[in-house]
Every structure is written in structure tokens, then in C-alpha cells.
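Written below as C-alpha cells is the structure these notes are about.
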Amino acid sequence: MTALVALLALPLAGALAAVVLPHGAVRGMVPALSVAMLAATAVLVAGLSAQAPTRLKLGQWPPPVGIVLEVDGLAAALIAMTALVMTAAALAALRSEQPAAAGARAAFGFWPLMLLLWAALNAVFVSRDLFNLYVGLELLSLASVGLVAIGGKPEALAAAMRYMLFALVGSLLYLAGVVLVYAAHGTLDIGLLADRTPAKPDALALALMTAGLMAKTALFPFHVWLPPAHGSAPAPASAMLSALVPKASFVILLRLWFEAMPDRAQDGALVLLAVLGTAAVIWGSLRALLQTRLKLVVAYSTVAQIGYLFLVFPLAGGGSAEMPWSAGAWTGVLFLALAHGLAKAAMFLAVGQWMAVTGSDRLDAMRGLATAMPMTSFAFALAAVTLVGLPPSGGFTGKYLLMTSAFAAGQWMWALVLAGGGLLAAAYLYRPLAILFARADAPGPATLPTRGMQAIPLCLAGAAIALGIASETPFELLSIGRPAAAEDGS
Amino acid sequence: MSGVTLYALTGAALVGTGFFGLIAARHLLRRVLAFNLIGSGLFVYLGAAGARGGEADPVPQALIITGIVVALSASALAVGLIVALARARGRAMLPEEDVGG
């Protein structure tokens with residue numbers, strides 16, 4: 001309980017402190033805060049059990065008036081992944097920060113925005129109230145837009161503005177759905193909504209909220225804002241934005257379709273979501289193949305990887321909900337989300353280090369960097385293994401679970417998407433790897449990052465692999481509090 | 001027509017007007033205003049929903065106040081971005097939409 005409060009309050013307090021404290025004190029505070037957050041995460045995960053869920057009624061008010069926070073396996077796993085990625089991104093930002101290059105405002109703004117993002121992510125993962133989720137989602141979007149714009153270059157500002165417009169439209173659609181739900185049922189608590197008497201506006205409300213969340217998750221065809229935004233943010237910010245932010249709106253989608261309104265999950269709508277996911281896998285991968293800037297390759301890869309997540313809807317929702325294969329699909333997709341988060345953050349941090357050495361993120365400027373920065377390049381290669389879905393990575397475990405579920409369900413086309421997407425990922429990741437490991441003159445040792453710096457992305461990529469090797473612990477964690485709609489039906 | 005229905009219809013009209021502005025306007029400031037119109041329309045509708053059945057429901061009021069704060073923060077950030085973008089580009093429009101006019 002205390003750990004849960006700390007996970008929400010510490011980053012908020014830290015964000016306020018980062019605004020008022022002098023710059024040197026902030027740089028001292030951030031590592032201490034990260035350690036505290038990691039410790040709180042460990043306590044939270046250790047205290048989680050299937051029998052007694054960690055619940056918190058804010059101010060002791062019961063719903064529908066009060067707001068309930070609840071930690072299930074899904075929330076705990078994502079909080080842990082967030083803590084790892086945030087800590088790594090913070091360390092990378094501390095080491096690479098060049099106030100003179102990025103401008104005083106960038107150095108000032110980064111830490112409050114990063115901590116607000118952390119608080120918003122944790123709040124979204126544990127909230128069980130549709131309006132509280134809205135507030136969390138808004139805080140998340142505003143902090144993300146700020147991080148994109150922080151560089152101050154014209155293209156970064158345009159990318160941030162485009163992101164802002166998509167985010168605003170997304171929140172209005174979501175808010176419209178929330179208003180309809182309240183008008184029909186007089187409650188916004190997900191637990192109470194699950195037991196509601198179905199009403200006519202439910203389908204419209206669910207459709208509006210889903211459309212809004214799709215825009216925020218950057219599901220195809222609402223993905224156009226993502227690559228320029230993630231491509232023009234500073235590398236540690238890109239790592240957070242790409243690895244974590246789309247997962248938050250995706251979690252709300254899961255809560256809506258599997259916990260609040262599983263009765264409204266029509267098969268046609270579920271298949272449509274998965275078809276859009278399929279289109280995202282194909283389109284994102286093809287676009288990634290064509291990019292000449294490494295950051296954009298990695299950003300388009302996020303568009304593709306987000307697509308996989310939407311395969312969960314026909315495999316675990318609607319008619320599949322009661323079936324034995326639904327549990328595998330549910331756990332598999334969460335494995336994919338966790339593995340993608342860790343691997344994508346590792347990739348962006350690696351790209352950031354190469355950019356610091358070569359001064360650009362053009363692919364042809366990266367030639368032969370593997371000789372000079374072996375650890376960073378190894379991290380990138382390990383992350384690529386996870387994104388392609390090769391064993392023994394977390395990405396493989398996720399794809400394996402999803403594929404087994406797709407075959408058991410007789411919906412083999414989703415298995416084709418998984419296999420084809422893996423091949424496409426191998427294709428678009430082969431190019432940067434081939435360039436990195438090509439023989440070329442290495443830049444002088446004076447400009448290279450230290451071994452400690454190079455170890456940061458390596459730790460993240462290693463965690464993504466470890467997720468596959470030691471998959472039993474996360475597997476059990478993810479099954480805690482799995483919604484009834486994705487319960488093992490055998 | 002009862003007062004509550006009038007409120008709900010006003011809210012719907014505001015949402016419709018704002019939606020048109022969001023699609024039709026290319027100037028970014030107009031879009032932010034349209035966003036605020038839609039938000040206000042939704043809040044009016046929510047207030048009307050909370051006033052049904054005679055006695056006022058306090059929850060929508062709390063939600064509306066929170067929502068206004070959120071919309072204000074979002075508008076402030078959006079306007080700040082527009083100013084920065086206009087300074088950098090000379091016009092308050094997105095590069096890909098800045099054709100003619």
C-alpha cells in the first residue's frame with residue numbers, strides 16, 4: 001500500500017522539486033529518486049498475491065463517489081518495466097546532457113517533464129476509474145508533447161504540434177465516451193461498470209473511447225504523428241516515449257474491452273482492431289525499410305510493434321473469452337509489450353550514443369561503429385533479436401504464446417501476421433546492423449562514451465532477453481488478477 | 001422543452017460547431033479554440049446528465065471542474081507551442097497544411 005502511494009507521489013513531488021531546485025541539486029536528486037522508485041516497485045511486486053489484491057480507496061471513499069486504485073499483475077509488470085526504462089533513460093540523460101548544445105531551457109525542462117511522465121504512467125496503470133484515467137492520460141500526453149518540443153528546432157516544434165492535435169482529438173473522443181457512460185450508468189468505476197445493466201449508448205461510448213485511445217496509441221491509420229515526434233525528441237526522451245507512452249493508452253483499451261464492457265465486445269469490432277494492427281505491422285515495417293535516418297527506422301518499428309498488441313482482441317475477447325486459448329493470448333501480448341518496451345528503449349539509447357559520436361543519425365554515418373562501441377552495438381543487436389522474436393528473448397515468448405493461441409483458436413491468419421512481421425523486422429533491422437558491423441575506420445577514442453554509459457542500453461536489452469530466459473516469474477506475475485474475460489477456460 | 005433538454009442540446013450544438021472548426025480550420029489557434037468548444041459542449045452535456053431526476057448529482061460537477069483545469073493546461077501548452085512554431089516558421093500552421101491562403 002505504502003509502495004503504491006510512493007510510486008505515485010514520489011515522481012510528482014520530484015517534478016515539483018525539479019522546477020524549484022538549482023540544476024546541480026536536481027542532478028543529485030534524480031538518481032536517488034530512481035533508486036527509491038525501483039525499491040518501491042520491488043516492494044509492490046513482492047507484496048502482490050492473487051488472494052489479496054493491492055487496492056487503495058482514495059480518502060476511504062468507496063466508489064461510485066470515490067476513486068479506486070488497484071494493482072494487478074498487468075499493472076505491476078508495466079510499473080516494473082517503466083521503472084527500469086525510466087532509470088536507464090535518466091542515467092543516460094545525466095551522462096550525456098550538454099546544456100550548452102541543447103539550450104538552457106531544454107536542460108531545465110527535461111527533468112520535470114520526465115518525472116511527470118513517470119507519475120502519469122503509474123497512475124494510468126493502476127487507476128480503475130474512467131475519469132481518473134482521462135486525467136492521467138492527459139498528464140501523460142502533455143508531458144510527452146513537451147518532451148518532443150524540448151529541442152526547440154522548427155521540425156521538432158512541428159512534430160510536437162502535430163502530436164498535440166492528435167492527442168487533443170484523442171482525449172476529446174475519449175471524454176465524449178466517458179460522458180455517455182456517466183449519463184447512462186451514473187458511475188465510472190470499472191468494477192461497477194462490469195456489473196452494470198447494459199444500456200443503448202454503451203456501444204457508441206465504447207467506440208468513441210476506443211477511437212480516441214487508438215489515436216493516442218498510434219495504431220494505424222492514426223500513427224502519422226509518431227515517427228516525426230519520436231524521431232525529433234532527444235534520445236533519452238525518445239526512449240521513454242516509444243517504449244512506455246503507447247502502452248498506457250493500450251492498457252486503458254484492455255481495461256475497457258476486457259474488464260468494463262466485455263459484453264459489448266462484438267466479434268466484428270474485435271477483428272477490425274486486429275486487422276488495423278495487421279496493417280500497422282505491414283505498413284510500419286515497410287516504412288522502416290525505406291528510412292535513411294536510424295531514429296526513424298526505430299520509430300517506424302514502434303508503429304509495427306504496436307500492431308501486434310491488437311491481435312489480443314479477437315484471440316482473448318468476445319467469443320474467445322471463455323475458450324482455453326484466451327489466457328495464452330492475454331499473457332503473450334503482455335510479454336510482447338514488456339519486451340518491446342525494454343528493447344525499444346535500449347535501441348533509442350544506443351542511437352543516442354552513436355549520434356553523440358557522429359553528430360547525425362543518418363544510417364551511412366554509422367558505418368563501422370561496432371568496432372569503436374562494441375557494447376552499444378551488442379545492445380542494439382540484442383534488442384533487434386527481441387523485436388524480430390527470435391528465441392530466447394521475451395519477444396519470442398510473447399509471439400510463441402500468441403501463435404499457439406491463434407492455432408488453437410483456428411484463427412491462423414494472426415499467426416501469419418506474427419511470422420510475417422518477424423521476417424519484416426529482420427529485414428529492416430538487418431540494414432542498420434550490417435552498416436554498424438561493416439569494416440571502416442573507427443572515430444578517435446576521445447569522442448567515445450565510457451563503458452558505464454555503453455552498459456546502460458546493454459542492461460535494458462539484456463532485460464528483454466532475460467524476460468524470455470526466465471519467463472516463469474513474469475508469467476506468474478501477469479496471471480495475477482487476469483480479467484475474467486481472459487481467464488483460462490479449460 | 002425542459003431546461004435539462006435545452007442544456008443537452010446546447011452541449012451537442014457546441015460539440016458540432018467545434019468539430020466543424022477542428023476539421024475546417026488550418027490556423028492552429030482556431031483549432032485550439034475549436035478544441036475548447038468541443039470540451040465545453042461535453043461539459044454542458046455532462047452537467048445536464050447530472051441534473052436529471054430533480055436533484056443535482058455532485059459527481060459531474062467535480063468532473064467538470066477537473067476537466068476544465070485539464071483543458072486549460074492543454075490549451076496553455078498548445079498556445080505556447082503555436083507561438084514557438086509561428087516564431088520559427090513565420091506562420092501559425094503546420095508545414096504540410098500551409099498551402100496557399
Side-chain angles (χ1 to χ4, degrees), chain A residues 61 63-67 105 113 116 129-132 134-139 141-146 148-165 167-169 171-189 201 208 224-225 228, chain B residues 4 8 11-12 15 18-19 22-23 28 31-32 34-53 57-60 62-64 66-67 69-90 92-98:
Chain A
W61 290 89
V65 177
I67 293 168
R105 185 192 281 181
L113 288 172
L116 282 178
D129 177 282
L130 294 185
F131 195 82
N132 204 43
Y134 166 74
V135 176
L137 202 57
E138 283 301 279
L139 180 56
S141 294
L142 297 185
S144 306
V145 169
V148 172
I150 209 166
K153 294 199 186 104
E155 58 268 35
L157 292 172
M161 194 66 228
R162 206 175 294 118
Y163 185 8
M164 184 88 198
L165 287 177
L168 287 180
V169 173
S171 26
L172 285 176
L173 286 168
Y174 179 80
L175 186 64
V178 171
V179 167
L180 286 181
V181 169
Y182 191 85
H185 301 292
T187 181
L188 294 170
D189 181 75
L208 285 169
V224 290
W225 60 265
Chain B
V4 172
V15 171
F19 189 63
L22 207 55
I23 293 177
L28 291 168
R31 285 203 174 152
V32 171
F35 158 77
N36 276 283
L37 265 188
I38 300 181
S40 307
L42 287 173
F43 293 142
V44 172
Y45 186 89
L46 183 57
R52 284 178 312 179
D57 179 355
V59 174
L63 298 186
I64 290 168
T66 316
V69 174
V70 170
L72 175 77
S73 329
S75 305
L77 178 62
V79 171
L81 265 182
I82 292 172
V83 171
L85 192 66
R87 278 203 188 122
R89 297 194 65 249
M93 289 186 195
L94 284 175
E96 66 270 22
E97 293 177 329
D98 194 3

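Since the model is a prediction, treat every value here as computed from it, not as a measurement. Labels below follow one simple rule: chain letters A, B, ... track the order of the sequence lines, proteins then strands, and each chain is numbered from 1.
- Proximity to chain B involves both the backbone and the side chain of A:M161, based on heavy atoms less than 4.5 angstrom apart.
- Side-chain contact between A:L142 and A:M164: present, with at least one pair of heavy atoms (C-beta onward) separated by less than 4.5 Å.
- Interface residue A:L165: only side-chain heavy atoms are found under 4.5 Å from chain B.
- Contact check for B:D57 versus A:Y182: side-chain heavy atoms found under the 4.5 Å cut-off.
- Of the listed residues (B:A49, B:P60, B:A48), the greatest number of heavy-atom pairs within a distance under 4.5 Å of chain A belongs to B:P60.
- Residues A:L175 and A:F131 form a side-chain contact, since some pair of their non-hydrogen atoms from C-beta on lies under 4.5 Å apart.
- Looking at B:L28, only its side chain comes within 4.5 Å of chain A, counting heavy atoms on both sides.
- Ranked by heavy-atom pairs shorter than 4.5 Å toward chain A, the options B:L77, B:L63, B:L46, B:V59 are led by B:L63.
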Determine all donor-acceptor pairs shorter than 3.5 Å in which one atom belongs to a side chain in residues 34-43 of chain B; sequence neighbours excluded.
residue	atom	partner	partner atom	Å
B:N36	OD1	B:S75	OG	3.3
B:N36	ND2	B:V32	O	3.0
B:N36	ND2	B:S75	OG	3.0
B:S40	OG	B:N36	O	2.7

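- In this structure, B:Y45 places its OH atom where only 12 or fewer heavy-atom neighbours from other residues, nucleotides or ligands lie under 6.0 Å away.
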